[in-house]
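Remarks on the structure that follows.
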Amino acid sequence: ISMQATLSIQDKDGNTIPSAPRSQTTWENVYSYYRYSKLSNNIYDEYRWMYLVFEIIMQKIAPIHFDVVKNKPTEMEWTWLCRALNEAEAHHGWITAMNWPTTDAIDYFHTNQYNDVRCNLFHSKGGHLQPNEHISLDTVSMRLKELDRLCVFLMRRIYNVNSAGGMLTYYG
């Protein structure tokens, strides 16, 4: 079964008014990483993928300062993220939209996302700190939900992602 429909609008003289060209969404890696996060059956991996989505978004908003001669960043990771979060706030107003329980959302992000979860899940230093060792499943779950909301909020503004959902009916 297939169906096709067209719509044309005419002006007062009966001339067809041409439709605006359809915008084309370009593929970005951020979509793949977001999908990997959603398809993961391990909450720790789900968080890791979502944090990569977050980093791609931050890189799009405020690219990390980079020395091409030395082939390395010229600013520390948290310095860059702080700058990027501030730019994201200035251009997209994410702080009010997230409604986090704090008066300093960037410090909240630093403590709860970056230090408590991200660093714990991404690092293992010399065998002394094993990933996931000092973090509860409930904490990761709660932070993942926050990070997901932030990423979706910013993706909708930066990548012009449609917020409409879809579904498959019983008969469909």
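Treat the numbers as computed from the prediction; the structure is a model and nothing was measured.
For H91, the side chain to side chain contact (heavy atoms under 4.5 Å, CB included) criterion is met by E87, not counting sequence neighbours. E77 is linked by a side chain to side chain donor-acceptor pair (under 3.5 Å) to Y114, R118, counting only residues two or more places apart in sequence or in another chain. Qualifying side chain to side chain donor-acceptor pair (under 3.5 Å) partners for Y34, counting only residues two or more places apart in sequence or in other chains: D148. Scored by the side chain to side chain donor-acceptor pair (under 3.5 Å) test, D45 finds R48 as partners (sequence neighbours excluded). For L39, the side chain to side chain contact (heavy atoms under 4.5 Å, CB included) partners two or more places apart in sequence, or in a different chain, are R35.
Across every non-hydrogen atom of E75 and P63, the tightest pair is OE2-O, 4.3 Å. Nearest heavy atoms, I64 versus R83: CA-NH2, 3.8 Å. Shown here for V53 and M155, the closest heavy-atom pair between the two residues is CG1-SD, 4.2 Å. The shortest non-hydrogen separation linking I158 to H92 is CG1-NE2, 3.8 Å. When every heavy atom of A97 is checked against every heavy atom of F153, the shortest pair comes out as CB-CE1, 3.3 Å. Considering every non-hydrogen atom in both A88 and L154, the closest pair reads CB-CD2, 4.3 Å.
Within the structure, every pair that satisfies the side chain to side chain donor-acceptor pair (under 3.5 Å) test and touches residues 102-112, not counting sequence neighbours, is listed here: Y108-R143, Y108-E146, N112-R143.
A continuous path of ILVMFWY side-chain contacts below 4.5 Å connects W78 to W80, so both sit in one hydrophobic cluster. In the hydrophobic clustering of this structure, F122 groups with L144; members are Ile, Leu, Val, Met, Phe, Trp, Tyr whose side-chain heavy atoms approach within less than 4.5 Å, directly or through other members.
To the nearest 0.5 Å, the span separating CD1 on I43 from OG1 on T139 amounts to 10.0 Å. The line from CD1 of I57 to CG of L150 is 7.0 Å long, rounded to the nearest 0.5 Å. If you take OG on S40 and CE on M50, they are separated by 10.0 Å, rounding to the nearest 0.5 Å. The distance from the SG atom of C82 to the CE atom of M58 is 11.5 Å, given to the nearest 0.5 Å. Interatomic distance, OG of S32 versus CD1 of I56, reported as 8.5 Å (0.5 Å rounding). Between the CD atom in E89 and the CD1 atom in I95 there is a gap of 3.5 Å [rounded to 0.5 Å].
Other residues, nucleotides and ligands place more than 12 heavy atoms under 6.0 Å from the CG atom of L137.
Taking 4.5 Å as the limit, some side-chain heavy atom of N71 sits within range of a side-chain heavy atom of F66. A heavy-atom distance below 4.5 Å is not found between the side chains of K38 and W49. Put simply, the side chain of S37 does not reach to within 4.5 Å of the side chain of Y33, judged on heavy atoms. At least one side-chain heavy atom of W100 sits under 4.5 Å from a side-chain heavy atom of W94. Using a 4.5 Å heavy-atom threshold, the side chains of V30 and K60 count as separate. Side-chain contact check for L147 versus F109: some heavy-atom pair is nearer than 4.5 Å.
Of the possible polar contacts, none joining the D13 side chain to the N15 backbone as a donor-acceptor pair under 3.5 Å is found.
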Evaluation steps, side chain to side chain contact (heavy atoms under 4.5 Å, CB included), between L85 and F54: CA-CA 10 Å; L85 285 166; F54 170 75; 3.9 Å; yes
